[in-house]
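Chain naming here is simple, since letters A, B, ... match the order of the sequence lines and numbering starts at 1 in each. Bear in mind that the values here come from a model prediction, so they are computed numbers and not experimental data.
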There are 2 protein chains.
Amino acid sequence: MKKYENMLKEHSLKATYQRMSILSVLDKMGHGCIDEVYEKVKETHPTISLATVYKNIITMVENGVITEVPIAGLKSKYELKKDDHIHLICTECGDVKDADMDDKITQDVSSVANNSSFEAKSSNVNIYGLCKNCKGA
Amino acid sequence: MKKYENMLKEHSLKATYQRMSILSVLDKMGHGCIDEVYEKVKETHPTISLATVYKNIITMVENGVITEVPIAGLKSKYELKKDDHIHLICTECGDVKDADMDDKITQDVSSVANNSSFEAKSSNVNIYGLCKNCKGA
DNA sequence: ATCCTTGCAAATGATTTGCAAGAGT
DNA sequence: ACTCTTGCAAATCATTTGCAAGGAT
């Protein structure tokens, strides 16, 4: 839990049990939408309210502790903030896996932005398709 | 309007005036969320209902006539279906511009998917930052 | 001690549904 | 003719808010 406490304090947020539980759940799940996080947190903290999950996820996104991952056709998922990377999103089961963004892509992306006089801050690459499991079925 | 009528018929959808108006509005706007489309369509078709816009956008996404563009922090926008490309999204004014996805990126993206035994169908690259206009302010 | 956060319940906002009348093929 | 679509109003679902009590620094 010390890990999550530090993440919060580094961003000048109070380290409440609720926030640390949300971070711990997201860390385990990888990616989760708001109700999934709420259900998981309730297992260890049954009195938490959905409104608290909403409020905290919003605050932690605003403060750069977690990141929103918007997905076509589904509710946004959230993940712990990390370097830009690629999301492999299964359109069958909704599972999301991370893949590293190699230097070539990073460079290409920034040159595309430069060519349009656009000042890039971050990027999000989503690939939609079928995951290993769902390909068979 | 013949253009939009064809787009619909090619996907076995009835060419109603409401659907063609939505397509025409999206074509002009480039990208629009549901209420923006609703407000624009009302200018030429004042009796259209919001529910109709919802229902049609959903049907046309399901049938591949238009595409959902999910955006962090904002409601999804929609655009006419076209080849995979890059979205430059201004976090200040919300404006979305398209940029071509060059062959390098396309190849890199597909090799990332292959390395993870993932069967890619489509991809979505969003770059967040400041557009030409908002950079100054 | 102070300010921020929590949980609750109520309020708002967004999206979906059921249905009778009308439009498209 | 037949089937799908429309517009309306109501229903549902998602998200936000106000506030008194409790927690973090």
Side-chain angles (χ1 to χ4, degrees), chain A residues 1-2 4-25 32-39 41-63 65-66 68-78 94, chain B residues 1-25 32-63 65-66 68-78 94:
Chain A
M1 287 304 248
K2 197 70 184 171
Y4 308 118
E5 185 179 338
N6 291 338
M7 291 175 59
L8 291 163
K9 293 197 171 156
E10 279 164 19
H11 294 268
S12 330
L13 290 176
K14 285 191 181 171
T16 67
Y17 185 38
Q18 289 86 340
R19 282 177 189 160
M20 293 188 286
S21 306
I22 292 172
L23 292 176
S24 151
V25 160
C33 68
I34 291 188
D35 353 303
E36 286 166 350
V37 170
Y38 173 58
E39 291 303 329
V41 172
K42 266 207 297 195
E43 291 174 8
T44 57
H45 190 302
T47 62
I48 198 172
S49 80
L50 181 54
T52 297
V53 175
Y54 270 100
K55 286 189 263 209
N56 279 325
I57 287 191
I58 292 167
T59 327
M60 293 192 289
V61 167
E62 281 171 355
N63 288 275
V65 181
I66 63 181
E68 179 183 353
V69 184
I71 298 178
L74 298 178
K75 285 197 278 185
S76 283
K77 300 198 179 228
Y78 297 86
Chain B
M1 287 304 249
K2 199 68 185 169
K3 170 180 175 188
Y4 307 119
E5 185 179 338
N6 292 338
M7 292 176 59
L8 290 162
K9 293 197 171 158
E10 279 164 19
H11 294 268
S12 330
L13 290 175
K14 284 191 181 170
T16 67
Y17 184 38
Q18 289 86 340
R19 283 178 187 159
M20 293 188 285
S21 306
I22 292 172
L23 292 176
S24 151
V25 159
C33 68
I34 292 187
D35 352 300
E36 286 165 350
V37 170
Y38 173 57
E39 291 303 330
K40 272 289 173 199
V41 172
K42 268 208 297 196
E43 291 175 9
T44 57
H45 190 302
T47 62
I48 198 172
S49 80
L50 181 54
T52 297
V53 175
Y54 271 100
K55 287 188 262 207
N56 279 324
I57 286 191
I58 291 167
T59 327
M60 293 193 288
V61 167
E62 281 171 354
N63 287 276
V65 181
I66 62 181
E68 178 183 353
V69 184
I71 299 179
L74 297 177
K75 285 196 279 185
S76 283
K77 300 200 178 223
Y78 298 86

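The nearest whole Å value for the distance from the NE2 atom in A:H11 to the C1' atom in C:dC4 is 18 Å. In this entry the distance linking CE of A:M60 with P of C:dC4 reads 18 Å, nearest Å. One interatomic measurement links the two molecules: CG of A:N56 to P of C:dG7, which rounds to 9 Å at whole-angstrom precision. Atom pair B:L8:CG and D:dT6:P shows a separation of 10 Å (rounding to whole Å applied). Atom CD1 of A:I48 and atom P of C:dT5 are 14 Å apart (whole Å). Distance A:K42 NZ to C:dG7 P: 12 Å, rounded to the nearest Å. Rounded to whole Å, the distance from CG on B:L74 to C1' on C:dA14 is 15 Å. Between A:M20 atom CE and C:dT6 atom C1' there is a gap of 14 Å when expressed in whole angstrom units.
Atoms NZ and CE, on B:K55 and B:M60 in that order, are 13.5 Å from each other to the nearest 0.5 Å. One finds the CD1 atom of B:I57 at 5.0 Å from the CD1 atom of B:I66 (value rounded to the nearest 0.5 Å).
Between B:Q18 and C:dA23 there is no side-chain N or O to OP1 or OP2 distance below 4.0 Å. Residue B:S49 places none of its side-chain N or O atoms closer than 4.0 Å to OP1 or OP2 of D:dC8.
Of all non-hydrogen atoms in B:I48 and B:Y38, the two that sit nearest each other are O-CE1, 3.6 Å. Nearest heavy atom pair, residue B:A15 against residue B:E5, reads CB-CG, 3.6 Å.
Residue-level contact check: B:T47 touches the backbone only, with heavy atoms under 4.0 Å from sugar-phosphate atoms and none from bases.
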Base versus backbone protein contacts along nucleotides 15-25 of chain D [heavy-atom cut-off under 4.0 Å; B, S, -] = SBBB----BBS
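Applying the side-chain hydrogen bond (donor to acceptor under 3.5 Å, both in side chains) test to pairs two or more places apart or on separate chains, those with a residue in residues 41-54 of chain A are A:S49-A:T52.
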Do B:L50 and B:I34 pass the side chain to side chain contact (heavy atoms under 4.5 Å, CB included) test, and can you show the C-alpha distance, the side-chain angles, and the key distance before you say yes or no?
-> CA-CA 9 Å; B:L50 181 54; B:I34 292 187; 4.2 Å; yes
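Remark: the backbone N or O of A:M20 is not paired with any side-chain donor or acceptor of A:S24 at under 3.5 angstrom.
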